[in-house]
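Each chain gets a letter, A, B and so on, in the order the sequences are listed, and its residues count up from 1.
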Amino acid sequence: MNAPSPTPTKKYDLSFARWVYDNIDGGDRMALCMQCGTCSGSCPIGTQMDHGPRKLFMMIRAGMKEAVLTSNTLWNCVSCYNCVVRCPRKVPVAYILHDLATVAVREGYAEARNSDNARFAKAFWWSAAKYGRTDERLVTGKYYFSFGIGEGYKRGMANLPIAMGMIKTKRMHLGMPHKCSNTGELHKILAKAAEIEARDHGKQG
Amino acid sequence: MTDKQPRSRTIMVVGGGIAGITAAVEAAEAGYDVVMVEKSPTLGGRVAQMNRYFPKLCHPTCGLEINYQRIKKSKRISLFTLSTVAAVKGSAGAYTVTVKTEPRFVKTNCTACGDCGQAAESEIADPFNYGMKTVKAAYLPHTMAFPMRYVVAPEVAKTPEGERIKAACKIGAIDLDDQGSSFELEVGAIVWATGWKPYPAENLTAYRWADLPNVITNVEMERLASPDGPTQGRIVRPSDGAVPKKVALIQCAGSRDLNHLAYCSRICCLASMKHAAYVREQVAEAEVDVYYIDLRAHDKLESFMRRLKADPQVRFVKSKPSRVEPGEGGNPTVCGENTLTREVYARAYDLVVLATGMQASVSEDGRLAGSYDDYGFVFTEGETIGAGVASGPLDVSMSVQSATAAACKAIQVVSGVRG
């Protein structure tokens, strides 16, 4: 799985599409897509996606790897699962978008790495993996400062009144970050999961 | 059954729709005795419930009338209405079939004068019109009923109203003591022509058929457009009876959908194009949008599609709508993505018609036919003979062809020539 995806070199090159079918979560079902438009039509923010899932799937088949992995469709999905529930071919649309987003970051596409959702997801995962809990202050801080020190400070200050309000109503605390009871075990579990993913991801059946 | 001769040369046809009627008359005219079993009080089935057939837009009266004449002329066909097959024993050449008959409460001397209907006060939901209107508790199933005999609803048969209905009949054709019956028949072959039922539109929750009055199904559209339907053939919005100016026809409502019917129901594309034609014929200023995934108008049916495509007021939109929402004045708004332009649309309509697919109607009957495919349609193999839509989605002309083939197979079985 961690080998990079192939880049099509000529017209009608199916190498990228086949790689997606074999390596992306739900990719095997994506092969059954009949381009009906239910997913893009069901999407609550379908108008704010450059392509929408249906067109993105056709672009994968057309070998447009670059355009697919730099698309904002991967990042604008809000995981409402309307598309997954309604898809007449039972294509797990949202899973596919999420996994393609991971691929886009891993393969170093600037559009992906710099997207808001990628920054936030990274900060969220850092806290969840380290403490077994998400700490509002650390997640927000890490996310804001991913834009640089100046921008991070500016965004933090802009949200100060909200933070103060949350502290006052005990929705946010000031002490050490909350942790799950045994972070050592958590880290072992996550390491094992990463090992299994590297070994089995994309294997079918 | 390769070496033994069939014990009975009688052919049973289960179902009295266009396929059952065809199989029965074909076998009878070839010289075989036929027993027909029909669940409802009359022959005609789903075809009788249609306004017109595609592609020539003929009225079903034609086809049914001719076939009724053939049945009347034949001395070889025995018909049992209000009857179902309760059990099948034995094998090809020597079946023993248990038939169960529900009471009609009306004897064969009924002249269909209608006096009993006048006397009846209660109303019951009219299955012929898919419950879109009610009928009197003593009723003629429909204007093309065969046999042309009234039915008294079991709800009133044992009540004082039943007595009044009986008293109104001048020729004494009402028999309130009718208990129905159960009997056994020996037959050599069985043709399953049990037909179909519309896929339940309430399962398509995103299309809101259950709670938006101006969202109807294709079979309801047929009744709306029929001269003997609930509106005497005027296509109107159910909510207020207004003439619809903007109509949406949604294809594949249930069909080609793994959450509902995995298969293509085959007839809906043309049925919807026919509906577009109905609307355009009645309402000069009406605009009709047909939402589709693919248009499946094969062979000679393509000319019907071309005719509609030439009409500037009929628009074909390549899109499976994602949902229908209540809009202004309770009118439905159809939402989705146009897959050719990538436009995400939300358009308001006066009337939305869902092209719901065809479902086998026999799946719950104990699987008496023996062999079925994954979707519950009768699978013709070995001793099992399916005809018409019982064997898979077909249009009327293909059902007739399938029924003729089934009659031929049944004749082979009762003649002992099928190895």
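Residue-environment remark: CD (B/Glu328) stays at or below the threshold of 12 foreign heavy atoms within 6.0 Å. Enclosure of atom NZ in A/Lys188 is not indicated, since only 12 or fewer non-hydrogen atoms of other residues, nucleotides or ligands lie within 6.0 angstrom. For A/Tyr95, the OH atom sits in a loose shell: 12 or fewer heavy atoms of surrounding residues, nucleotides or ligands are nearer than 6.0 Å. More than 12 heavy atoms of other residues, nucleotides or ligands sit less than 6.0 Å from atom CZ of B/Arg237. Within 6.0 Å of NE2 on A/His173 lie more than 12 heavy atoms contributed by other residues, nucleotides or ligands. By the 6.0 Å contact criterion, NZ on A/Lys122 is open, its count of non-hydrogen atoms from other residues, nucleotides or ligands being 12 or less. Summarising the local packing, CZ of A/Phe124 is surrounded by 12 or fewer heavy atoms from other residues, nucleotides or ligands at distances under 6.0 Å.
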Could you walk me through whether B/Thr205 and A/Arg86 satisfy the side-chain contact (heavy atoms from CB on, under 4.5 Å) test, starting with their C-alpha distance in whole Å, then the side-chain angles of each, then the deciding distance to 0.1 Å, before giving a yes or no?
CA-CA 10 Å; B/Thr205 47; A/Arg86 288 183 189 153; over 6 Å; no
Could you walk me through whether A/Met34 and B/Arg256 pass the side-chain contact (heavy atoms from CB on, under 4.5 Å) test, one step at a time?
CA-CA 10 Å; A/Met34 60 176 176; B/Arg256 300 180 70 193; 3.7 Å; yes
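Within the 4.5 angstrom heavy-atom criterion, only side-chain atoms of A/Arg54, from C-beta onward, approach chain B. In this structure, the portion of B/Ile293 lying under 4.5 Å from any heavy atom of chain A is its side chain and not its backbone. At a 4.5 Å heavy-atom cutoff, the contact between A/Lys90 and chain B is made by backbone and side-chain atoms alike.
Minimum interatomic distance between A/Ser42 and B/Ser322 (heavy atoms only, all atoms of both residues): OG-CB, 3.1 Å. Nearest heavy-atom pair across B/Lys320 and A/Thr38 is CD-OG1, 3.2 Å.
With hydrogens and angles disregarded, a donor-acceptor distance shorter than 3.5 Å links the side chain of B/Arg342 to the backbone of A/His51. Formation of a donor-acceptor pair under 3.5 Å by the B/Asn259 side chain with backbone atoms of A/Cys87 is found in this model.
Heavy-atom pairs under 4.5 Å with chain A were tallied for B/Asp294, B/Val344, B/Asn338; the largest tally goes to B/Val344.
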